[in-house]
Amino acid sequence: MRIVLFGPPGAGKGTQAGLLSEKYGAAHISTGDILREAVANGTEVGLLAKSYMEKGELVPDEVVIAIARAKLESIGEQGFLLDGFPRTIAQAQSLDAALKDIAKPLEAVVNLKVDNDELVRRLSGRRVCPACGEPYHVDSKKSAIEGKCDKCGGDLVHRADDQPEAIMNRLNVYDKQTSPLLGYYEQSGILKNIQAAGDIKEVFRTIVAALGQ
Ligand code: AMP
């Protein structure tokens with residue numbers, strides 16, 4: 001399985017990638033998670049990425065491409081689900097070149113479609129566990145104990161880039177810089193469009209059916 005989970009912020013890429021990775025045993029690779037870890041650890045990459053991320057801007061291509069390549073190399077033969085990468089044409093071309101080198105092209109790009117009002121609702125109410133990455137929502141996916149992660153007991157946070165101004169910026173960045181990739185993947189014939197506004201499990205079943213697995 002070599003798949004890209006595509007869509008605007010808040011479309012559910014991380015949630016669906018988590019479910020797919022459990023079902024198929026493929027590695028869930030989120031460049032956002034890798035960057036957040038780098039920020040938390042204060043590494044050189046983290047220091048560089050922090051200000052872009054807080055504003056909802058894209059981290060420069062060369063930084064993200066190096067991270068994604070290193071991660072893909074580290075998983076060896078295992079299948080993968082890319083979540084949040086690629087986000088620009090340059091990133092997509094670099095990914096294609098890397099996969100071509102090992103004769104393992106992408107099998108599908110799953111485009112999760114959700115309208116903007118619902119994205120804003122999801123992002124503004126989102127809380128995440130910084131320790132294990134599990135996502136929650138203040139209305140639709142509450143943790144059993146308020147503010148605590150059900151999986152690992154970590155303290156849930158409201159990400160800086162889930163604040164209103166950064167949300168609007170992220171949606172604009174998606175429209176301008178990331179959505180043109182849909183045309184790129186449509187041409188290669190591997191794009192699968194999925195209506196992703198509904199229930200998490202229902203969306204998951206639709207994806208599995210579209211992948212024909
Ligand atoms: P995410 O958790 O995927 O929404 O990513 C959070 C933030 O990390 C984004 O708003 C960007 O600042 C940065 N980021 C993650 N993936 C990429 C990428 N492929 N290209 C550029 N920036 C990225």
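Please read all numbers here as calculations on a predicted model, not as lab measurements. For the single chain, residues carry numbers from 1 onward in sequence order. Just so you know, ligand 1 is whichever comes first in the structure, and atom 1 is the first atom listed for that ligand.
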Salt bridge Asp162-Arg170, side-chain N to carboxylate O under 4.0 Å: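 Looking at Arg170 together with Asp162, the answer is yes, because their closest N to O distance falls below 4.0 Å.
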
Closest protein heavy atom (residue, atom, distance) for atom 11 (C) of ligand 1: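 Minimum-distance protein heavy atom for atom 11 (C) of ligand 1 reads Glu57 O, 3.5 Å.
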
Protein heavy atom at shortest distance from atom 6 (C) of ligand 1: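 Here the closest protein heavy atom is Arg36 NH1, 3.4 Å.
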
Lys192 atom NZ, over 12 foreign heavy atoms within 6.0 Å: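 Enclosed: over 12 neighbouring heavy atoms sit under 6.0 Å from NZ of Lys192.
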
Gap separating the CD atom of Glu73 from the CD1 atom of Ile102, nearest 0.5 angstrom: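 One finds 8.5 Å between CD of Glu73 and CD1 of Ile102.
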
Rounded distance [0.5 Å steps], CZ in Phe80 versus CD1 in Ile3: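 Rounded to the nearest 0.5 Å, the CZ-CD1 separation comes to 9.0 Å.
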
Ligand 1-proximal atoms of Arg159, by part, heavy-atom distance under 4.0 Å: side chain

Ligand 1-proximal atoms of Leu35, by part, heavy-atom distance under 4.0 Å: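 Answer for Leu35: side chain.
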
4.0 Å heavy-atom contact, Lys13 with ligand 1: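 No heavy atom of Lys13 comes that close to ligand 1.
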
Any Glu54 heavy atom less than 4.0 Å to ligand 1: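 Distance cut 4.0 Å: Glu54 fails for ligand 1.
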
Ligand-residue contact atoms, ligand 1 with Gly32, heavy atoms, under 4.0 Å: 2 (O), 5 (O), 15 (C), 16 (N)

Atom indices of ligand 1, in the order listed, that fall short of 4.0 Å to a heavy atom of Arg170: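 Near Arg170, meaning under 4.0 Å from one of its heavy atoms, ligand 1 has 4 (O).
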
For [atom], which of [options] has the closest heavy atom?
atom                    : options                     : result
atom 16 (N) of ligand 1 : Val64, Asp161, Thr31, Leu5  : Thr31
atom 21 (C) of ligand 1 : Asp33, Val59, Val128        : Val59
atom 4 (O) of ligand 1  : Gln91, Arg87, Gln177, Met53 : Arg87

Ser124 side chain vs Val120 backbone, donor-acceptor pair below 3.5 Å: yes

